[in-house]
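Every number for a ligand or one of its atoms is a count from 1 in the order of the listing.
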Amino acid sequence: MDLNAEQKRIATLEPKGHQLLKGVAGSGKTSVGLYRVHFLLNNYCFGKDDAILLATYNRTLIKYMAYLYGKMAESEQGELSTLFDTPNRKVDIKTVDSLMVNHFDAHAAEHKEKFQLGLPQNKSYQIISEGITKLKKNFPDVGILNQKNTGFLLQEINWIKDCLYLEEEEYQGADRKGMVKSQAENKPQRLQKNSPTRKAIFELMRFYDQALRKMGKISFSGMRIRALEQARKAPQVRYTHVIIDESQDLTRSQLLFLKAICNQKEYSSFVFIADTAQNIYPQSWLGSGNSFASIGFSMQGRSHSLSKNYRTTTQISKAAYSLIEHCAEIVEDENYVKPALIDKHGVYPVCKQFSDERSQADYLAAEIKRLTAEHDRSDMVILGRFKRQLDQIKTMLAQKGIACSDFNDKDLGFDSGDVKLITLHSIKGLEFPIVFMVGLNEGVIPYLPDADEEGRHDDEVKERKLFYVGMTRATEKLYMLSSGKGSPFLMDIAPRLTRIDSGVKMRRFYNVAVDDFRFKGRITNIHGAEEKVRQWILAELVETYKYPLANIAIEYPVKAFSKTGYVDIAVHVNRSGSDEPFLFVETKRRGHSLEDACEQVRSYMNHCPPCEYAAVTDGMSLRVMGRQGNPVNDLPEFREMWALSNSVQVFFHHLKRRQKAQLCFDPNDPTTVEVDVNGMSKLLKADQLEKIPLYGSIAAGQPIHMNSELDETFYLPKAWVRGADYFALKVRGDSMVGAGIDNGDTVLVRSQPSADNLDIVVAALNEDATLKRFSKMGDNAILQAENPNYDPILLSLDQLQILGIAVGVVKNGIHK
Ligand SMILES: Nc1ncnc2c1ncn2[C@@H]1O[C@H](COP(=O)(O)OP(=O)(O)OP(=O)(O)O)[C@@H](O)[C@H]1O
């Protein structure tokens with residue numbers, strides 16, 4: 001992978017103080033950061049005390065960086081400096097917290113303290129709960145001191161510390177976006193500035209800290225405060241250049257820590273890499289409305305942006321953008337960068353809803369097994385909002401023989417063979433070819449456990465960003481699955497950019513406005529749940545599958561014995577001069593079982609022989625079957641030929657390649673032929689077709705063109721008959737039935753005077769030409785029929801005149 005010109009320009013800018021590199025997900029920000037390390041190392045790192053720090057958010061991102069660097073190294077042909085394989089004395093690629101922990105340890109040693117870092121969440125909750133009981137006596141009117149708010153209060157305490165509001169006064173005056181609660185529901189109330197509520201919370205923080213200290217413990221936010229103090233006083237290292245990836249998610253204490261360990265040389269530099277659309281943590285400083293100026297930097301004239309998303313396909317990129325494009329808080333942020341598309345086409349994301357976890361897991365298992373034919377399982381990742389969702393999926397998939405590994409396991413690399421399980425928060429910054437987002441349900445994402453209207457909005461924006469982060473991790477295929485009522489975010493993703501299943505053109509369910517309903521006058525229950533599904537399918541048949549509305553009927557009567565049933569939707573097409581039902585669709589309300597509907601529609605199809613396809617759907621799943629009840633992946637698209645009153649369909653079998661195709665044309669104008677190979681149809685016009693002379697019989701001893709052609713016209717795609725002369729011959733008799741060539745068929749023959757053993761040849765014999773299987777025996781030839789009723793013909797080679805070999809057969813005759 002080569003960086004583009006703009007990326008390289010940014011990566012090799014002369015280091016001059018601080019800079020901001022902003023850009024959309026997948027635009028190569030991390031790649032540029034890595035390249036810049038190489039550039040700085042070779043050009044601005046010669047002093048004895050010079051060193052470079054590339055700071056990341058977590059450990060998995062370091063693994064990811066090694067993988068990205070490897071990709072770049074491949075095309076730089078050994079030019080890139082070694083950063084990962086052997087440690088470089090002058091370059092540190094580390095998580096911010098690991099550096100902070102080192103400083104914290106030094107701080108503890110200096111102060112002769114001993115703390116154990118972190119404590120289980122249930123223990124933290126217990127302490128907060130005790131604090132609430134104790135403080136309630138002093139603050140009886142502060143509603144927020146309620147056992148129901150334990151989780152919120154713990155988060156608030158960590159936020160205060162991460163923001164370094166170490167004095168109550170500072171906290172009392174701080175802007176606190178998104179933490180507003182409703183009194184009526186006995187939930188936390190607005191955290192008004194200079195209020196008893198804030199005083200109570202600050203007191204609770206003191207209580208919590210003391211309790212921890214007594215236990216010999218310290219929280220991560222507490223650790224960071226001490227680390228910063230230590231770095232300001234006695235930094236363990238000083239970096240000439242600091243590059244901070246994912247800086248939008250760092251806390252104030254982390255950012256100031258990095259500033260404290262930065263050297264102040266003439267050529268020192270400090271680069272923030274950020275994407276505000278991907279800010280997902282509530283404690284983050286820059287991502288929560290605070291300016292760079294608040295940490296002592298002015299970015300005016302110092303920012304560079306990257307807008308091309310190289311990671312995902314155009315389809316995934318567009319779908320992800322449609323999720324955020326109407327969210328003002330995201331797109332109106334001054335550092336937001338609008339994505340630009342590059343030409344990387346793939347398949348549309350699948351958006352699918354299930355009624356429960358079990359059916360979601362069944363689908364997931366089937367899809368993983370199907371995809372295993374083209375992908376390694378290590379290419380696949382399952383993303384959940386919560387760890388508990390992933391644990392459940394893991395168990396269910398294990399029952400189906402699919403092993404999954406938690407990505408957070410320390411020893412798990414990118415190329416471990418199992419499907420990986422990762423939470424949405426932990427996948428930040430990474431990428432995988434196939435991403436399954438599971439359990440995207442209402443109440444799960446956005447997850448807003450204790451927010452009221454005002455607070456809800458800010459939290460919801462963060463959750464929307466989290467969803468966006470998940471979507472933008474997929475390089476090739478994205479699945480968005482829900483196992484109950486779907487997340488409202490799914491409805492915000494433009495339906496035209498999603499599909500109801502893989503390999504299907506149908507877009508996922510969407511509501512059609514009642515004003516736009518089709519067949520309005522014939523609907524009995526216009527507001528019925530089933531009607532919504534029918535209107536969606538009708539819209540899809542017309543808009544996606546291109547069936548003219550004139551070819552569609554609803555409540556189509558089908559006589560089954562003495563009863564008449566009514567099919568929800570029937571599509572008819574014009575073939576061989578008459579209108580025939582071609583496709584039946586039964587619709588059910590969302591979540592309704594499809595089994596009965598399948599049975600019903602199959603029975604309709606059986607009582608209506610011309611009908612070739614049947615489909616059933618409840619808006620969540622689509623099942624399509626062929627005439628024999630055989631499953632078919634997708635509905636066929638409308639073919640222009642079906643609009644003609646006289647269209648004729650013939651089947652072409654290529655004898656050599658064993659391929660089949662369907663040709664459809666109007667005999668009055670055979671210079672337009674629709675060719676369908678394996679369900680892929682193409683309309684070919686005169687300049688793409690070759691007229692093939694068609695003979696009824698061939699007189700021996702004459703050049704072929706001396707024979708008289710039949711009136712019938714016969715055109716085939718030029719691509720099939722390139723590079724040789726071809727003619728067609730009408731078959732009379734049944735001598736070749738064993739080769740699939742029947743009386744009345746037409747064979748396509750390549751003119752040539754010789755044949756290989758076992759070719760089917762057209763050979764001049766007596767007065768006529770005959771079609772037989774050829775084999776050579778010394779100086780003789782045997783012409784063998786493919787029908788035991790006929791004897792082989794033996795003749796010497798010099799008696800035999802081969803006119804050509806049969807390469808294909810057109811069934812049904814050319815005319816009907
Ligand atoms: N110029 C390029 N040509 C081809 N591929 C590129 C180019 N730049 C980046 N990529 C690829 O795009 C993908 C995303 O790169 P990278 O992780 O650096 O982006 P990012 O902006 O940091 O993404 P995010 O913000 O989502 O973490 C990687 O697979 C990378 O190899």
Side-chain angles (χ1 to χ4, degrees), residues 1-12 20-38 54-58 60-76 80 83 93 243-250 271-281 284 286-287 303-314 316-317 320-321 323-324 330 335-346 379 381 383 414-415 422 424-435 465-476 478:
M1 173 213 123
D2 283 321
L3 292 185
N4 69 27
E6 178 61 358
Q7 290 171 325
K8 230 169 202 169
R9 184 188 72 77
I10 297 171
T12 56
L20 168 65
L21 170 56
K22 55 190 182 177
V24 304
S27 56
K29 298 182 297 298
T30 306
S31 311
V32 169
L34 281 161
Y35 195 91
R36 185 159 179 80
V37 172
H38 152 78
L54 175 56
T56 72
Y57 194 82
N58 58 34
T60 38
L61 283 169
I62 298 180
K63 284 190 203 169
Y64 174 68
M65 284 178 172
Y67 146 85
L68 272 187
Y69 201 68
K71 278 212 284 186
M72 284 195 284
E74 273 170 26
S75 57
E76 293 288 332
L80 282 189
L83 296 185
I93 298 177
I243 301 171
I244 318 172
D245 199 14
E246 307 282 349
S247 65
Q248 77 278 353
D249 273 324
L250 295 192
V271 177
F272 293 88
I273 297 178
D275 176 10
T276 54
Q278 295 189 65
N279 153 240
I280 54 176
Y281 285 104
S284 64
L286 295 172
S303 70
H304 308 271
S305 46
L306 296 172
S307 59
K308 287 184 191 147
N309 174 355
Y310 283 96
R311 174 182 297 130
T312 64
T313 59
T314 308
I316 297 173
S317 194
Y321 178 59
L323 173 68
I324 58 167
I330 298 177
N335 286 320
Y336 170 74
V337 179
K338 191 175 173 199
L341 293 176
I342 62 161
D343 199 16
K344 183 179 172 192
H345 285 271
D379 284 353
V381 64
L383 279 183
F414 270 83
D415 41 9
I422 316 185
L424 279 168
H425 279 99
S426 312
I427 199 167
K428 187 171 123 73
L430 309 180
E431 67 185 24
F432 289 90
I434 299 170
V435 172
K465 291 178 179 178
L466 187 60
F467 201 120
Y468 173 77
V469 165
M471 291 178 80
T472 52
R473 300 306 100 194
T475 59
E476 289 177 37
L478 172 66

Review point. Is a donor on one side and an acceptor on the other found under 3.5 Å between the side chain of Q248 and the backbone of D275?
Key: yes

Point to revise | L68 heavy atom under 4.0 Å from ligand 1 | key: yes

Review point. Any idea which atoms of ligand 1 are less than 4.0 Å away from a heavy-atom of G28?
Key: 9 (C), 15 (O), 16 (P), 18 (O), 19 (O), 20 (P), 21 (O)

Study note, to complete from the structure: min-distance protein heavy atom vs atom 27 (O) of ligand 1 -> G429 CA, 3.4 Å

**Study point:** Note, L430 side chain near L61 side chain (heavy atom, < 4.5 Å)
**Key:** yes

Check your understanding: Under 3.5 Å, side chain of S247 to main-chain N/O of I273, donor-acceptor pair present?
Key -> yes

Practice item. Answer yes or no: is there a donor N or O on one side and an acceptor on the other, between the side chain of Q7 and the main chain of S27, under 3.5 Å? Key: yes

Review point. Non-hydrogen atoms of L306 versus ligand 1: any pair closer than 4.0 Å?
Key: no

Exercise for review: Indicate the ring-plane relationship of H38 and Y35, choosing parallel, tilted or perpendicular according to the 30° and 60° boundaries.
Suggested key: perpendicular

Check your understanding: Which option out of T475, D2, N4 puts a heavy atom nearest to atom 2 (C) of ligand 1?
Key -> D2

Check your understanding: Looking at T30, which atoms of ligand 1 are within less than 4.0 Å of one of its heavy atoms?
Key -> 18 (O), 20 (P), 22 (O)

Exercise for review: On the 0 to 90° scale, with breaks at 30° and 60°, tag the H425-Y281 ring pair as parallel, tilted or perpendicular.
Suggested key: tilted

Review point. Are the side chains of Y310 and K344 in touch, meaning some heavy atoms are under 4.5 Å apart?
Key: no

Check your understanding: Counting each atom of ligand 1 from 1 as listed, which ones have a heavy atom of L3 under 4.0 Å away?
Key -> 1 (N)

Practice item. Starting from atom 17 (O) of ligand 1, find the nearest protein heavy-atom neighbour and note its residue, name and distance. Key: Y64 OH, 2.6 Å

Study note, to complete from the structure: K71 heavy atoms within 4.0 Å reach ligand 1 at atoms 28 (C), 29 (O), 30 (C), 31 (O)

Revision key, fill the gap. When distances are taken from atom 8 (N) of ligand 1, the protein heavy atom at minimum range is Q7 NE2, 3.0 Å

Review point. Is D275 touching ligand 1 with its side chain, its backbone, both, or neither, if touching means heavy atoms under 4.0 Å apart?
Key: neither

Practice item. Give the single entry among Y468, Y69, Y310, Y67 that approaches atom 6 (C) of ligand 1 most closely by any heavy atom. Key: Y310

Check your understanding: Would you say G26 has any N or O atom under 3.5 Å from an N or O of ligand 1, going by distance alone?
Key -> yes

Review point. What do you reckon, does S31 have a nitrogen or oxygen under 3.5 Å from a nitrogen or oxygen of ligand 1?
Key: yes

Review point. For ligand 1, which part of M72 has a heavy atom less than 4.0 Å away: the side chain, the backbone, both, or neither?
Key: neither

Check your understanding: Below 4.0 Å from any atom of ligand 1, is there a heavy atom belonging to S27?
Key -> yes

Point to revise | Those atoms of ligand 1 less than 4.0 Å from some heavy atom in E431 | key: 13 (C), 14 (C), 28 (C), 29 (O)

Review point. Can you tell me if T314 uses its side chain to pair, donor with acceptor, with the backbone of G346 under 3.5 Å?
Key: no

Review point. Going by the atom numbers of ligand 1, which of them fall below 4.0 Å from some non-hydrogen atom of A25?
Key: 25 (O), 26 (O)

Practice item. Measure from the side-chain N and O atoms of R311 to the backbone N and O of T472, and report whether any donor-acceptor pair falls under 3.5 Å. Key: yes

Point to revise | Heavy-atom side-chain contact between F432 and I422 under 4.5 Å | key: yes

Point to revise | Which of the ligand 1 atoms, numbered from 1, are nearer than 4.0 Å to a heavy atom of V24 | key: 21 (O)

Review point. Does some side-chain heavy atom of M471 sit less than 4.5 Å from a side-chain heavy atom of L323?
Key: yes

Point to revise | Heavy-atom check, side chain of R9 versus side chain of H304, under 4.5 Å | key: yes

Check your understanding: Got the closest protein heavy atom to atom 20 (P) of ligand 1, with its distance?
Key -> K29 N, 3.4 Å

Review point. Has K428 got any heavy atom lying under 4.0 angstrom from an atom of ligand 1?
Key: no

**Study point:** Flag side-chain contact, heavy atom, 4.5 Å: L21 against R36
**Key:** no

Review point. So, do I324 and Y336 sit near enough that their side-chain heavy atoms are less than 4.5 Å apart?
Key: yes

Review point. Where does M1 meet ligand 1, judged by heavy-atom distances below 4.0 Å: at the side chain, the backbone, both, or neither?
Key: side chain

Review point. Which atoms of ligand 1 sit under 4.0 Å from any heavy atom of E246?
Key: 27 (O)

